[in-house]
Asker: 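Just passing along the structure, written as structure tokens.
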Amino acid sequence: MNVDLHNRLLQWYEHHGRHTLPWRNTDDPYRIWVSEIMLQQTQVKTVLERFYFPFLERFPTLPSLASAPLDDVLKQWEGLGYYTRAKNLHRAAQLAAPYMPGTVEGLIRLPGIGKSTAHAIAAFAYGAPVPILDANVKRILYRFFGRREADEKTLWRLAEKLFDPEHPFEFNQAMMDIGATLCLPKSTACDACPFEGACKGAAGDPLYYPAPKKRKSVPVRERHIVVYRHNGRYGLKQREGRFLHGLWGFHEQTAPPEQGKTLESIVQVYSHFRLEAQVWLCEAHREGLTYFQREEIDALALSGADHKVLKQLSASRP
DNA sequence: CATTCGTGGTT
DNA sequence: TAACCAAGAAT
């Protein structure tokens with residue numbers, strides 16, 4: 001029924017697809033899995049240029065990841081964000097070792113793997129006839145079917161409707177390529193798109209779909225970051241909650257400290273709030289912190305905000 | 001179903 | 001340049 005459309009998509013993918021992406025040129029489910037987790041809510045450019053290869057060099061196989069300390073995994077993940085991904089990746093490796101599950105049902109049971117990622121791994125590593133539903137595919141579906149709004153269930157139904165079960169690898173990769181190169185959030189190149197003619201969005205104003213999301217304004221958190229220094233060593237603490245999970249950081253509090261030298265302030269924008277913190281250097285010992293020499297800190301995984309603090313520290317050194 | 005999770009690229 | 005957005009999942 002969609003044969004004609006599917007053929008046009010295949011042709012387009014053959015000539016214009018991003019065929020050099022490294023995770024498209026391996027049949028190792030582990031390497032495909034790592035790429036899928038890193039790429040969640042993260043642009044291809046970032047993963048490709050900074051994180052994919054170093055991670056695989058340090059953890060080349062599933063067992064090597066499973067047997068590594070979590071702190072080592074977090075250090076490789078440093079700067080990539082959404083750190084529970086690293087924790088889940090590590091735990092999933094331990095649950096799955098020595099082999100990745102060979103089915104969607106097995107994959108989706110692992111922590112950090114939802115329906116779309118399970119389908120992606122299954123389609124790309126095993127050729128399973130299942131569609132994916134990432135931000136690129138969603139945007140295409142909104143426009144192709146002329147919808148301004150749709151819930152997840154509806155989007156999955158539309159994804160199944162457009163899907164080509166005969167060519168799951170090529171279809172899914174092509175959809176992401178179209179979303180990333182032609183069907184962009186704020187611009188489109190419909191005349192180059194294999195879906196033009198069948199796409200309701202292309203018939204009118206494609207940017208009319210989907211309806212813009214109403215975003216809440218991010219609240220500001222004002223805090224004080226206090227760097228405790230004792231005998232030339234710096235006090236840090238490893239975070240335990242879900243926020244910045246497992247990363248080390250300097251002490252943070254709501255009120256200014258009793259004493260200490262004022263450094264510059266820092267601003268760090270997170271997904272759901274904005275941190276504005278005054279940084280202090282306090283020559284004192286505080287309980288509950290672990291003390292490191294300056295060079296030792298480089299071996300720890302720190303958040304972006306704490307890296308800014310570290311930078312202030314070296315800049316302020318007399 | 002809504003919120004929580006980072007950081008950097010793009011416009 | 002501020003706002004939007006990115007190969008989503010867990011809660």
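Order of the sequence lines fixes the chain letters, A, B, ..., with proteins taken first and strands second; residue numbering starts at 1 for each chain.
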Asker: Could you check A/W23 against A/L39 for side chain to side chain contact (heavy atoms under 4.5 Å, CB included), going step by step and ending with a plain yes or no?
Answerer: CA-CA 11 Å; A/W23 42 87; A/L39 287 162; 3.9 Å; yes
Asker: So what does A/L21 touch, heavy atoms closer than 4.0 Å: a base, only the sugar-phosphate, or nothing?
Answerer: base
Asker: Applying a 4.0 Å non-hydrogen cut-off, can you work out what A/R50 is touching in the nucleic acid: base, sugar-phosphate, or nothing?
Answerer: sugar-phosphate
Asker: For the pair made of CD in A/Q173 and C1' in C/dA7, what is the distance, rounded to whole Å?
Answerer: 9 Å
Asker: Roughly, in whole Å, what's the span from CD in A/Q41 to P in C/dC4?
Answerer: 16 Å
Asker: Any base atoms under 4.0 Å from A/D151, or only sugar-phosphate, or nothing? Heavy atoms, all strands.
Answerer: sugar-phosphate
Asker: Base, sugar-phosphate alone, or nothing: which one does A/E152 contact when heavy atoms must sit under 4.0 Å apart?
Answerer: nothing
Asker: Is the NZ or CZ atom of A/K261 both under 6.0 Å from the centre of the six-membered ring of A/W280 and within 45° of that ring's axis?
Answerer: no
Asker: Using a cut-off of 4.0 Å on non-hydrogen atoms, how would the nucleic acid contact of A/I113 be classed: base, sugar-phosphate, or nothing?
Answerer: sugar-phosphate
Asker: Would you indicate what A/Y82 reaches in the nucleic acid, counting non-hydrogen atoms under 4.0 angstrom: base, sugar-phosphate, or nothing?
Answerer: base
Asker: Let me know, please, whether A/T46 or A/H245 comes out on the 5' side of the other along DNA chain B by nearest nucleotide.
Answerer: A/H245
Asker: Can you check the A/F243 CZ to B/dT3 C1' distance for me, whole Å?
Answerer: 14 Å
Asker: Between C/dT1 atom P and A/K186 atom NZ, what is the distance in whole Å?
Answerer: 16 Å
Asker: Please measure how far the C1' atom in C/dA6 lies from the corresponding atom in B/dG6, and state the result in whole Å.
Answerer: 12 Å
Asker: Are any of A/Y83's side-chain N or O atoms less than 4.0 Å away from OP1 or OP2 of B/dT7?
Answerer: yes
Asker: When you compare B/dA2 with C/dA7, how far apart are their P atoms, in angstrom units rounded to a whole number?
Answerer: 23 Å
Asker: Is the count of non-hydrogen atoms from other residues, nucleotides or ligands lying under 6.0 Å from A/R242 atom CZ greater than 12?
Answerer: no
Asker: Which part of the nucleic acid does A/I37 contact within heavy-atom distance under 4.0 Å: base, sugar-phosphate only, or nothing?
Answerer: nothing
Asker: What does A/T117 touch in the nucleic acid at a heavy-atom separation under 4.0 angstrom: a base, only the sugar-phosphate, or nothing?
Answerer: sugar-phosphate
Asker: Do the side chain of A/T42 and the base of B/dG6 come within less than 3.5 angstrom through a donor-acceptor pair of N or O atoms?
Answerer: yes
Asker: What's the CG-P distance between A/L74 and B/dC5, to the nearest Å?
Answerer: 16 Å
Asker: Validate the cation-pi geometry between A/R221 and A/F273: distance from NZ or CZ to the six-membered ring centre under 6.0 Å, angle to the ring axis within 45°.
Answerer: yes
Asker: Base, sugar-phosphate alone, or nothing: which one does A/V269 contact when heavy atoms must sit under 4.0 Å apart?
Answerer: base
Asker: Could you state the CZ-P distance from A/R242 to B/dG6, rounded to the nearest angstrom?
Answerer: 11 Å
Asker: A/W23 or A/L110: which one's nearest nucleotide on DNA chain C is closer to the 5' end?
Answerer: A/W23
Asker: I want to check one thing: is the phosphate of B/dC5, taken as OP1 and OP2, less than 4.0 Å away from some side-chain N or O of A/H272?
Answerer: yes
Asker: Across the strands shown, which category fits A/P111 at heavy-atom distances under 4.0 angstrom: base, sugar-phosphate, nothing?
Answerer: sugar-phosphate
Asker: Does A/Q268 put a side-chain nitrogen or oxygen below 4.0 Å from OP1 or OP2 of B/dT7?
Answerer: yes
Asker: Under 4.0 Å, heavy atoms only, any strand: does A/R18 hit a base, just the sugar-phosphate, or nothing?
Answerer: base
Asker: Would you say the ring centroid of A/W248 lies under 6.0 angstrom from that of A/F292?
Answerer: yes
Asker: What is the distance, to the nearest angstrom, from the CG atom on A/L244 to the P atom on B/dC5?
Answerer: 9 Å
Asker: Report yes if a side-chain nitrogen or oxygen of A/K216 is closer than 4.0 Å to either non-bridging phosphate oxygen (OP1 or OP2) of B/dT3; otherwise report no.
Answerer: yes
Asker: Within the 4.0 Å heavy-atom criterion, would you say A/A135 contacts the bases, only the backbone, or no part of the nucleic acid?
Answerer: sugar-phosphate
Asker: Mind checking if A/G79 touches a base, just sugar-phosphate, or nothing, with heavy atoms under 4.0 Å?
Answerer: sugar-phosphate
Asker: What is the distance, rounded to the nearest whole Å, between atom CD of A/E49 and atom P of B/dT7?
Answerer: 19 Å
Asker: Can you list the steps and then say if A/I225 with A/H251 is a side chain to side chain contact (heavy atoms under 4.5 Å, CB included)?
Answerer: CA-CA 6 Å; A/I225 296 176; A/H251 177 71; over 6 Å; no
Asker: Base, sugar-phosphate, or nothing for A/S187, non-hydrogen atoms under 4.0 angstrom?
Answerer: nothing
Asker: Quick check for you: among B/dT7, B/dT4, C/dC5, whose closest atom lies nearest to any side-chain atom of A/P185?
Answerer: C/dC5
Asker: With A/F55 as reference, evaluate A/F59, A/F51, A/Y52 under the ring pair (Phe, Tyr, Trp, His ring centres under 6.0 Å) test and give the passing residue.
Answerer: A/F59
Asker: So does A/Q40 get a side-chain nitrogen or oxygen closer than 4.0 Å to the phosphate oxygens (OP1/OP2) of C/dG8?
Answerer: no
